[in-house]
Amino acid sequence: MNITESLLGWYAQNKRPLPWRETREPYKVWLSEVILQQTRVAQGTDYYHRFVLAFPDVQSLASASEQEVLKLWQGLGYYSRARNMHHSAKEIVEKHNGIFPSSAAGLKKLKGIGDYTAAAIASICFEEPTAVLDGNVARVISRLYAVDTAVDSNSGKSILTDFANSLLDVDQSGTFNQAMMELGALVCSPRTPACYTCPLAFGCEALKQNKTGDFPVKTPKKVATVRYMNYLVISFVQNGEELVLMRKRTGKDIWKNLYDFPCIETENSIETNDLLVLCEKQDAFFGLPYVVKQVSPEYIHQLSHRRLLAKFIKVELDGIPAISSSLVAVTKEKIADLPLPRLIDRYLANLI
DNA sequence: AATGCGGGGTC
DNA sequence: GACCCAGCATT
């Protein structure tokens with residue numbers, strides 16, 4: 001029995017019935033792969049169902065507005081995935097006549113498709129004999145061969161990809177790739193791998209050395225830095241209707257093209273009185289009389305690479321502000337139509 | 001090669 | 001609290 005056969009035999013018996021495994025349509029496989037980038041199956045599955053329902057094919061996705069796509073992506077994070085997928089859907093429809101590229105090299109030319117996703121779609125949908133390398137595969141292979149090069153370095157990725165390709169069953173590359181990932185997800189887990197039930201235990205170098213905990217080798221991460229977000233929740237009445245100012249986030253910062261409130265970011269925590277001085281200085285209230293209605297407690301919003309400490313100051317203006325183009329004035333009901341970061345969504349849920 | 005980008009589950 | 005998840009783009 002060799003490693004490849006043992007793996008495929010295990011997979012046939014133990015694979016989970018995941019919805020995207022019921023199809024080989026490139027569109028649906030692509031959608032599933034993008035949703036699952038840095039995202040667990042449990043977190044992404046509902047999003048997959050909602051997307052397939054709302055946009056059943058690449059044409060319907062291409063016809064949608066970016067805001068619709070982002071709204072559907074809301075809460076999943078890494079929003080560039082949604083923007084890039086929408087961009088690529090339009091490219092596939094307009095430049096490729098709605099037909100997906102059938103090679104990994106062709107797929108990689110599309111925005112949002114890198115080494116992993118290109119190999120995944122090419123092998124699963126088109127049987128291209130190329131191995132994928134994701135977090136699961138890196139863990140399995142690094143343990144199997146006791147690879148002590150960091151898996152997040154270029155040389156490490158190259159070594160691991162070569163090993164994976166050397167094991168690849170070229171006649172069923174899509175199945176093989178999914179089997180490797182499934183083994184990593186279900187058996188060869190990060191903390192305490194279930195080696196006693198692993199079909200590859202007989203050939204595992206890390207297990208032989210009793211050092212599964214030493215692999216994969218990774219370069220240490222940096223600690224998350226703090227950002228202080230002082231949000232201004234500015235409302236006013238126009239034509240008998242209460243409106244709230246929202247801001248579309250542009251530029252290279254987090255949450256690009258999602259909506260939050262006007263915000264004064266500071267280097268350190270700031271008292272409300274000092275913040276109001278800053279607001280005056282920056283003309284945040286448009287020179288109108290205002291009343292502070294509420295100051296929220298501090299919200300802690302933990303991201304992988306950032307720790308956001310947010311405060312929300314609710315202010316009512318007496319008058320109608322002359323707003324710039326980056327701001328929109330919306331009714332409370334319409335806020336729900338906008339794509340919102342999780343932090344803003346949490347705050348709004350607490351307002352009642 | 002290093003950094004930014006989200007959010008949530010798990011131990 | 002630390003880790004990490006079917007990674008990618010940019011610099």
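As the structure is a computational prediction, the values presented were derived from the model and not from experiment. Excluded from the calculations below are hydrogen atoms, water molecules and symmetry mates; all remaining heavy atoms, backbone and side chain alike, are included.
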Engineer: If you look at every strand shown and take non-hydrogen atoms under 4.0 Å, does A:G75 touch a base, only sugar-phosphate, or nothing?
Structural biologist: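 Sugar-phosphate: the residue A:G75, judged by heavy atoms under 4.0 Å, touches backbone atoms but no base.
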
Engineer: Give the intermediate values and the outcome of side-chain contact (heavy atoms from CB on, under 4.5 Å) for residues A:F100 and A:V58.
Structural biologist: CA-CA 9 Å; A:F100 275 76; A:V58 69; 4.2 Å; yes

Engineer: On the 0 to 90° scale, with breaks at 30° and 60°, tag the A:W73-A:F51 ring pair as parallel, tilted or perpendicular.
Structural biologist: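 A:W73 and A:F51: perpendicular rings.
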
Engineer: Looking at the side chain of A:K222, which of B:dT3, B:dG7, C:dC4 is the nearest nucleotide?
Structural biologist: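 Of the candidates, B:dT3 comes closest.
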
Engineer: Output yes when A:K71 and A:E68 qualify as a salt bridge under the 4.0 Å nitrogen-oxygen rule, no when they do not.
Structural biologist: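 No.
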
Engineer: What is the distance, to the nearest angstrom, from the CG atom on A:L107 to the P atom on C:dG7?
Structural biologist: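 Atom-to-atom, A:L107 to C:dG7, this comes out as 17 Å.
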
Engineer: With a 4.0 Å heavy-atom cut-off, tell me which residues in residues 246-265 of chain A come close to DNA chain B, sorted by residue number.
Structural biologist: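 Residues of residues 246-265 of chain A that come under 4.0 Å of DNA chain B are, in numerical order, A:K252, A:D253, A:I254, A:W255.
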
Engineer: Report the residue from A:E265, A:H301, A:E267 that forms a side-chain hydrogen bond (donor to acceptor under 3.5 Å, both in side chains) with A:R227.
Structural biologist: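 Considering A:E265, A:H301, A:E267, a side-chain hydrogen bond (donor to acceptor under 3.5 Å, both in side chains) with A:R227 is found only for A:E265.
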
Engineer: Please compare A:S304 and A:K111 by the position of their nearest nucleotide in DNA chain C and report the one closer to 5'.
Structural biologist: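 Going by which nucleotide is closer to the 5' end, it is A:S304.
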
Engineer: Can you list, by residue number, the residues of residues 112-130 of chain A that have a non-hydrogen atom closer than 4.0 angstrom to DNA chain C?
Structural biologist: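 Result for residues 112-130 of chain A: A:G112, A:I113, A:G114, A:D115, A:Y116, A:T117, sorted by number.
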
Engineer: Test your reading of the model: is there a side-chain donor-acceptor pair from A:S189 to the backbone of A:T192, 3.5 Å cut-off?
Structural biologist: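 Yes: the side chain of A:S189 pairs with the backbone of A:T192.
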
Engineer: Under the ring-ring contact (aromatic ring centres under 6.0 Å, His included) test, which residues partner A:F236, sequence neighbours left out?
Structural biologist: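 A:F236 satisfies ring-ring contact (aromatic ring centres under 6.0 Å, His included) with no other residue.
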
Engineer: Can you figure out which of C:dC5, C:dA6, B:dG7 approaches the side chain of A:H301 most closely?
Structural biologist: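 Of the candidates, B:dG7 comes closest.
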
Engineer: Does A:H305 have a side-chain nitrogen or oxygen under 4.0 Å from the phosphate oxygens OP1 or OP2 of B:dG4?
Structural biologist: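 Indeed not, no polar side-chain atom of A:H305 lies that close.
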
Engineer: Please check: side-chain N/O of A:S153 versus main-chain N/O of A:A150, any donor-acceptor pairing under 3.5 Å?
Structural biologist: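 A pair under 3.5 Å: yes.
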
Engineer: Looking only at atom C1', what distance separates C:dA6 and B:dT3, rounded to whole Å?
Structural biologist: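 Per the computed distance, 22 Å lies between those C1' atoms.
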
Engineer: Donor-acceptor pair, distance only, cut-off 3.5 Å: does the side chain of A:Q37 make one with the backbone of A:R81?
Structural biologist: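 No; judged by distance alone, with no hydrogens or angles, the pair does not exist.
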
Engineer: Using the test side chain to side chain donor-acceptor pair (under 3.5 Å), find all partners of A:K108 that sit at least two apart in sequence or belong to another chain.
Structural biologist: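 Checked A:K108 against side chain to side chain donor-acceptor pair (under 3.5 Å); matches are A:D115.
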
Engineer: Would you jot down, in residue-number order, the residues of residues 76-84 of chain A having a non-hydrogen atom under 4.0 Å from DNA chain B?
Structural biologist: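 Going residue by residue through residues 76-84 of chain A, the ones with a heavy atom under 4.0 Å of DNA chain B turn out to be A:L76, A:G77, A:Y78, A:Y79, A:R81.
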
Engineer: Let me know the distance between CG of A:L133 and P of C:dG7, rounded to the nearest Å.
Structural biologist: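 About 9 Å, once rounded to whole Å.
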
Engineer: Using a 4.0 Å cut-off on heavy atoms, which residues in residues 11-43 of chain A reach DNA chain B? List them by number, or say none.
Structural biologist: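 Here the set is A:Q38, A:T39, A:R40, A:Q43.
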
Engineer: Salt bridge or not for A:D148 and A:K211, using N-O below 4.0 Å?
Structural biologist: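 No, A:D148 and A:K211 are not salt-bridged.
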
Engineer: Would you kindly give the NZ-to-C1' distance between A:K221 and C:dG7, to the nearest whole Å?
Structural biologist: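 Rounded to whole Å, this separation is 12 Å.
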
Engineer: Is a side-chain donor or acceptor of A:R143 paired with a backbone partner of A:T212 at a separation under 3.5 angstrom?
Structural biologist: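 Yes, because the side chain of A:R143 sits within donor-acceptor range (under 3.5 Å) of the backbone of A:T212.
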
Engineer: Can you confirm whether more than 12 heavy atoms, excluding those of A:N210, are under 6.0 Å from its CG atom?
Structural biologist: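 12 or below, so no.
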
Engineer: Has A:R306 got a side-chain N or O lying under 4.0 Å from the OP1 or OP2 atom of B:dC5?
Structural biologist: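 Yes, A:R306 has a side-chain N/O under 4.0 Å of OP1/OP2 on B:dC5.
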
Engineer: Rounded to the Å, how far apart are A:D152 CG and B:dT3 P?
Structural biologist: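 Going from A:D152 (CG) to B:dT3 (P), I get 12 Å.
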
Engineer: If the threshold is 4.0 Å, N to carboxylate O, is there a salt bridge linking A:E127 and A:R24?
Structural biologist: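 Salt bridge between A:E127 and A:R24, a charged N being under 4.0 Å from a carboxylate O: yes.
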
Engineer: Could you check A:L308 against A:I254 for side-chain contact (heavy atoms from CB on, under 4.5 Å), going step by step and ending with a plain yes or no?
Structural biologist: CA-CA 11 Å; A:L308 306 183; A:I254 57 172; 4.0 Å; yes

Engineer: Could you tell me how far C:dT10 sits from B:dG6 if I compare only their P atoms? Round to whole Å.
Structural biologist: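 Each nucleotide's P atom is 14 Å from the other's.
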
